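On a predicted model such as this, the values are computed, not experimentally measured, just so you know.
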Amino acid sequence: MTRTVHLRPAAELAPRVLLPDDPGRALALAQSLFAATPRMFNHHRGLWGYTGTAAADGEPLSVQATGIGGPSAAAVVRDLAALGARRLVRVGGCGALRGDLEPGTLVVVTEAVCGDGASRALGAGGRVSPDGALLAALRAAAPRAAAGPVLSRDLFDDGADAPADALGVDLETAAVLAAARERGLAAAAVLAVTGPAGAAADPDDAAAEATGRVAATALSRR
């Protein structure tokens, strides 16, 4: 039996996984993206996860919450790798670092700037890139989305001293990409702007569902 550290799977994991941070958002995405009632994959440590059949293409898909912050996200990615995950897309929110990015705007992450401890501990250096094929699939699935780097921090703040090219700030993207790279997985991220950096951490329901649909569409591309 595959050994995991933080997850206790109660159902089979699909090789492609959506990664929201919020357990409640994981449930909402499972309810909106699956063609039939999903099976509970994990509930240990309050990290709700679900496996089902994607409405987009009829293939297996899992949704697994990562919890808040880089250390939790990296731990979840490592366990998912041990269980057979192959392609991951983080979905969630980011605070805007540009005034023209309105709440609800989708951002396809082209790089994560490693301002957090977890990604640096995983050897990511200054920046970590998403998988090229998944990035291209996300951009094709959301052609009107903004695209650019996002700064990941240990605390959700105003992004002071952020690089000039960073579009937003979040907590988990750099850690997800770094942990995926460490374990040989393809990973990428699509986020929704929640408001000005440091003001609000969670996207509204419509924006959160939009990130999930874009990610599921991207994962359905071969």
Side-chain angles (χ1 to χ4, degrees), residues 6-7 9 11-43 46-68 72-81 83-94 106-109 112 130-131 133-142 145 150 170-177 179-180 183 185-192 202-222:
H6 301 284
L7 303 180
E12 188 173 355
L13 178 72
R16 52 190 191 157
V17 189
L18 302 187
L19 298 175
D21 54 1
D22 177 21
R25 191 69 70 191
L27 174 59
L29 288 174
Q31 291 172 331
S32 66
L33 297 177
F34 292 153
T37 302
R39 301 182 301 281
M40 175 69 82
F41 168 73
N42 180 78
H43 60 79
L47 296 169
W48 297 352
Y50 304 88
T51 291
T53 301
D57 62 5
E59 297 293 330
L61 177 68
S62 293
V63 180
Q64 174 59 54
T66 64
I68 298 174
S72 180
V76 167
V77 169
R78 284 178 158 188
D79 273 5
L80 292 174
L83 292 166
R86 292 294 175 264
R87 295 187 296 155
L88 314 172
V89 178
R90 162 159 157 68
V91 293
C94 67
L106 297 190
V107 175
V108 174
V109 178
D131 174 77
L134 268 182
L135 172 59
L138 286 173
R139 297 190 74 164
V150 165
D170 83 329
L171 300 177
E172 293 89 22
T173 298
V176 167
L177 298 183
R183 295 303 161 106
L185 309 182
V190 57
L191 309 176
D202 296 316
D204 64 30
D205 291 344
E209 183 173 339
T211 65
R213 291 195 179 281
V214 166
T217 298
L219 286 169
S220 71
R221 296 174 185 267
R222 303 298 182 188

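- What you find for Val77 and Ala180 is that their closest heavy atoms are CG1-N, 3.7 Å.
- The backbone N or O of Pro60 sits less than 3.5 Å from a side-chain atom of Arg16, completing a donor-acceptor pair.
- The distance from the CG atom of Leu29 to the CG atom of Leu18 is 6.5 Å, given to the nearest 0.5 Å.
- Atom CH2 of Trp48 sits about 12.0 Å away from atom CD of Gln64, to the nearest 0.5 Å.
- The distance from atom CG of Leu27 to atom CE of Met40, rounded to the nearest 0.5 Å, is 7.5 Å.
- Evaluation of the side-chain hydrogen bond (donor to acceptor under 3.5 Å, both in side chains) test over residues 19-29, restricted to residues two or more places apart or in two chains, returns Arg25-Asp205.
- Shown here for Arg78 and Arg183, the closest heavy-atom pair between the two residues is NE-NH2, 3.2 Å.
- Taking all atoms of both residues into account, the shortest heavy-atom contact from Ala189 to Leu138 is O-CD1, 3.7 Å.
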task: Evaluate the criterion side-chain contact (heavy atoms from CB on, under 4.5 Å) for residue pair Val109 and Arg90; output intermediate values, then yes/no.
output: CA-CA 10 Å; Val109 178; Arg90 162 159 157 68; over 6 Å; no
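- Contact between Leu185 and Ala81 at its shortest, heavy atoms only, is CD1-CB, 3.7 Å.
- In this structure, CZ on Arg86 lies 11.0 Å from CG on Leu80, to the nearest 0.5 angstrom.
- Contacts of Pro130 classified as side chain to side chain contact (heavy atoms under 4.5 Å, CB included), with partners at least two apart in sequence or in another chain: Leu135, Leu177, Ala188.
- No donor-acceptor pair under 3.5 Å is formed between the side chain of Thr51 and the backbone N or O of Arg39.
- Taking all atoms of both residues into account, the shortest heavy-atom contact from Pro38 to Ala30 is CG-CB, 4.0 Å.
- At least one donor-acceptor pair closer than 3.5 Å links the side chain of Arg213 to the backbone N or O of Ser32.
- Although no hydrogens or angles enter the test, the distance criterion places no donor-acceptor pair under 3.5 Å between the side chain of Asn42 and the main chain of Gly49.
- Between Leu83 and Phe41, the closest side-chain pair of non-hydrogen atoms falls below 4.5 Å.
- For Glu59 (side chain) and Ala54 (main-chain N/O), no donor-acceptor pair under 3.5 Å exists by modelled atom type.
- A distance-only check finds no donor-acceptor pair linking the side chain of Arg139 to the backbone of Val108 [under 3.5 Å].
- The CG atom of Leu134 lies 6.0 Å from the CZ atom of Arg87; values are rounded to the nearest 0.5 Å.
- In this structure Ala73 satisfies the side chain to side chain contact (heavy atoms under 4.5 Å, CB included) test together with Thr66, Glu172, Val176, sequence neighbours excluded.
- Proximity of Leu191 to Thr211: side-chain heavy atoms (C-beta onward) are nowhere separated by under 4.5 Å.
- In this structure, Ala216 and Leu61 approach most closely via the heavy-atom pair CB-CD2, 4.5 Å.
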